[in-house]
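Down below is the structure, laid out as structure tokens.
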Amino acid sequence: MSHPAKIGFVSLGCPKATVDSEHILTQLRAEGYLISPSYDEADLVVINTCGFIDAAVEESLDAIGEALAENGKVIVTGCLGAKGDIVQQNFPNVLAVTGPHATQEVMDAIHNHCPPQHDPFVDLVPAQGIRLTPKHYAYLKISEGCNHRCTFCIIPALRGDLVSRPVNDVLAEAERLRDAGVQELLVISQDTSAYGVDVKYKTAFWNGMPVKTRMTELCEALATLDIWVRLHYVYPYPHVDEVIPLMAEGKILPYLDIPFQHASARVLKAMKRPASSEKVLHRIQQWRRDCPDLTLRSTFIVGFPGETEAEFEELLDFLDEAQLDRVGCFAYSPVDGAAANAIAEHIPPEVQQERLERFMLKQAAISAARLQAKIGSRQQVIIDALSDNGAIGRSRADAPDIDGLVYIENAGDASIGDLMDVTITAADEHDLWAIADEPSC
Ligand code: SF4
């Protein structure tokens with residue numbers, strides 16, 4: 001090869017996989033590789049796969065098949081790579097297969113099949129690395145793996161037990177991202193509230209200050225960066241209560257993405273999930289007393305093996321009581337290898353579907369009422385996009401891609417990433433409309 005080697009890259013899966021992709025892309029650029037936008041121009045193709053549900057497996061296998069047909073030299077990484085030998089069985093001619101979070105293994109495989117042509121061009125890499133999200137927000141992955149064993153989930157089998165990143169590394173990355181113009185950090189992991197358990201909350205030093213490897217202390221340190229900080233995938237441990245005052249004081253966004261999964265004590269136990277619904281409701285009330293602006297996002301599973309109609313109705317009652325802002329809901333899907341597949345009789349798909357629809361109908365009304373109640377309120381929004389006659393942003397209650405948008409009529413000369421104060425004028429069941437309080441011109 002006379003030109004710098006070109007690598008094609010396909011990134012599938014969740015935000016955690018996106019962060020893995022960013023790490024690999026950053027390393028590739030650091031070593032002087034070019035990134036190819038098409039299969040036929042690439043010297044080889046890396047596919048970062050997802051193996052979580054059957055549809056994701058299909059999508060990943062399709063992508064591998066297409067890359068092999070179009071290019072022929074393919075390295076597979078990500079969750080599907082950790083799922084036994086499914087990749088090799090389907091595609092014996094892939095060059096290498098790794099599990100997730102395996103930047104070095106992927107780089108080793110690339111070096112074997114497509115050696116770098118030059119010394120590292122470290123200077124060509126922006127300090128913040130290569131990112132796949134827009135410039136004004138970024139995912140900040142704080143750990144890998146998970147110590148829980150929820151019976152419906154195979155992530156611990158795919159990704160292993162919890163491994164927390166050193167808190168000084170996480171904070172240094174956050175600082176670099178802020179310095180590169182990022183206005184919003186989305187803290188992600190499999191289990192954000194468990195951060196540091198594996199290292200016994202070890203103290204490290206960041207900018208000369210001691211900081212414990214622990215969610216609350218991490219949030220306090222991130223708050224000093226003076227940008228939006230949003231917490232995702234927070235497991236409902238008791239110490240989650242500690243971050244609510246930081247939200248009430250405006251240090252981090254008043255937003256908790258906290259998967260409750262169900263409300264029936266028996267189903268939660270069968271899922272190996274914590275907490276009774278009464279305790280959860282009590283805590284939600286307390287959180288809202290302490291931080292009235294708090295937005296709660298959660299996810300639930302309906303039609304779990306053995307779920308009775310009465311247990312499902314307990315869940316509907318819980319929704320009425322909890323008045324959550326944003327909710328995702330899935331019908332139980334028997335992922336290969338999940339312990340829950342064997343614990344009780346499966347709910348017929350038509351019953352699962354009927355429960356899912358009843359659940360979504362109830363929650364849609366709750367979410368819509370909560371958005372309607374915002375009409376007339378003042379909100380701060382971050383601008384994601386500009387349109388002909390205004391701008392599209394998100395309020396502090398809206399995470400990118402999964403929550404709603406705010407359509408602003410008179411955004412003046414706003415730029416992407418700007419923070420803007422607006423007054424809400426209308427709402428539907430998902431999005432808000434607003435006018436800027438002090439339009440710039
Ligand atoms: S806490 Fe999340 S990642 Fe861990 S086992 Fe449960 S569902 Fe899976």
Side-chain angles (χ1 to χ4, degrees), residues 134-137 178 181-187 219 222-232 243-258 284-298 322-327 363-441:
K135 190 171 176 284
H136 62 291
Y137 66 82
R178 190 272 316 265
V182 163
Q183 289 288 346
E184 178 179 9
L185 288 172
L186 304 135
V187 176
C219 289
L222 288 173
T224 64
L225 297 178
D226 217 16
I227 54 178
W228 282 14
V229 175
R230 192 183 295 281
L231 300 185
H232 284 286
V243 294
I244 303 295
L246 300 179
M247 296 179 178
E249 289 165 27
K251 290 185 170 174
I252 59 173
L253 291 178
Y255 181 99
L256 262 187
D257 175 4
I258 185 160
I284 289 175
Q285 283 160 4
Q286 187 61 48
W287 293 342
R288 286 199 169 124
R289 265 197 296 275
D290 295 344
C291 181
D293 284 345
L294 180 65
T295 294
L296 284 172
R297 154 169 278 281
S298 193
Q323 294 287 305
L324 302 171
D325 298 274
R326 304 279 188 186
V327 167
Q363 182 56 41
I366 293 169
S367 295
R370 292 189 70 78
L371 288 181
Q372 286 291 321
K374 294 189 180 192
I375 295 175
S377 69
R378 294 185 69 203
Q379 307 278 339
Q380 191 177 48
V381 295
I382 190 165
I383 305 299
D384 279 343
L386 302 174
S387 58
D388 283 349
N389 44 7
I392 302 169
R394 285 176 293 108
S395 75
R396 301 189 311 161
D398 300 302
D401 296 330
I402 51 174
D403 293 328
L405 298 172
V406 182
Y407 296 94
I408 304 150
E409 278 175 30
N410 53 338
D413 60 358
S415 303
I416 290 174
D418 282 356
L419 294 179
M420 179 177 271
D421 291 324
V422 303
T423 298
I424 305 300
T425 54
D428 66 10
E429 64 279 8
H430 199 253
D431 300 319
L432 296 168
W433 280 259
I435 49 170
D437 285 353
E438 286 169 27
S440 41
C441 44

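Nothing here was measured: the structure is a model prediction, and the numbers come from that model.
Here Arg178 contributes atom CZ and Ile227 contributes atom CD1; the two are 7.0 Å apart, rounded to the nearest 0.5 Å. Rounding to the nearest 0.5 angstrom, the gap separating the NZ atom in Lys374 from the CG atom in Leu432 is 6.5 Å. Going from atom OG1 of Thr425 over to atom CD1 of Ile375 covers 7.5 Å, rounded to the nearest 0.5 Å. Rounding to the nearest 0.5 Å gives a distance of 5.0 Å between CD1 of Ile424 and CD of Gln379. Here the straight-line distance linking atom OH of Tyr137 with atom CG of Asp401 works out to 4.5 Å at 0.5 Å rounding. We find the CD1-CG distance between Ile435 and Asp421 to be 12.5 Å, quoted to the nearest 0.5 Å.
The backbone N or O of Ala427 sits less than 3.5 Å from a side-chain atom of Gln372, completing a donor-acceptor pair. Listed for the Gln323 side chain is no donor-acceptor partner under 3.5 Å among the backbone atoms of Arg370. Put simply, the side chain of Arg396 never gets that close to the backbone of Leu294: no donor and acceptor are under 3.5 Å apart. The backbone N or O of Glu429 sits nowhere less than 3.5 Å from a side-chain atom of Ser367 that would complete a donor-acceptor pair. Between the side chain of Asp437 and the backbone N or O of Thr423 there is at least one donor-acceptor pair closer than 3.5 Å.
Listed here is the closest heavy atom pair of Trp433 and Asp431: CZ3-O, 3.6 Å. Closest of all the heavy-atom pairs between Ala391 and Leu386 is CB-CD2, 4.0 Å. Taking each heavy atom of Ser395 and Arg230 in turn, the nearest pair found is O-NH2, 3.6 Å. The shortest non-hydrogen separation linking Leu253 to Met247 is O-CG, 3.4 Å. Of all heavy-atom pairs spanning Ile402 and His430, the tightest one is O-NE2, 4.4 Å. In terms of heavy atoms, Ile383 sits closest to Ala414 at CG1-CB, 4.4 Å.
Aromatic ring orientation, Tyr255 versus His232: perpendicular (interplanar angle above 60°, classes split at 30° and 60°).
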Problem set entry | CA sep, side-chain torsions, deciding dist, call: Leu324, Ile284, side-chain contact (heavy atoms from CB on, under 4.5 Å) | CA-CA 9 Å; Leu324 302 171; Ile284 289 175; 4.1 Å; yes
For this session: Give the C-alpha distance, both sets of side-chain angles, the deciding distance and a yes or no for side-chain contact (heavy atoms from CB on, under 4.5 Å) between Asp384 and Arg394.
Result: CA-CA 7 Å; Asp384 279 343; Arg394 285 176 293 108; 2.7 Å; yes
Exercise. Would Ile366 and Val327 satisfy side-chain contact (heavy atoms from CB on, under 4.5 Å), going step by step from the backbone distance to the final call?
Worked result: CA-CA 10 Å; Ile366 293 169; Val327 167; over 6 Å; no
Exercise. Can Leu256 and Trp287 be said to form a side-chain contact (heavy atoms from CB on, under 4.5 Å), step by step?
Worked result: CA-CA 10 Å; Leu256 262 187; Trp287 293 342; 3.9 Å; yes
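Contact check on Arg288 versus Asp325 returns a salt bridge, with a Lys/Arg side-chain nitrogen under 4.0 Å from an Asp/Glu carboxylate oxygen. In this structure, Asp398 pairs ionically with Arg326, as a charged nitrogen and a carboxylate oxygen lie closer than 4.0 Å.
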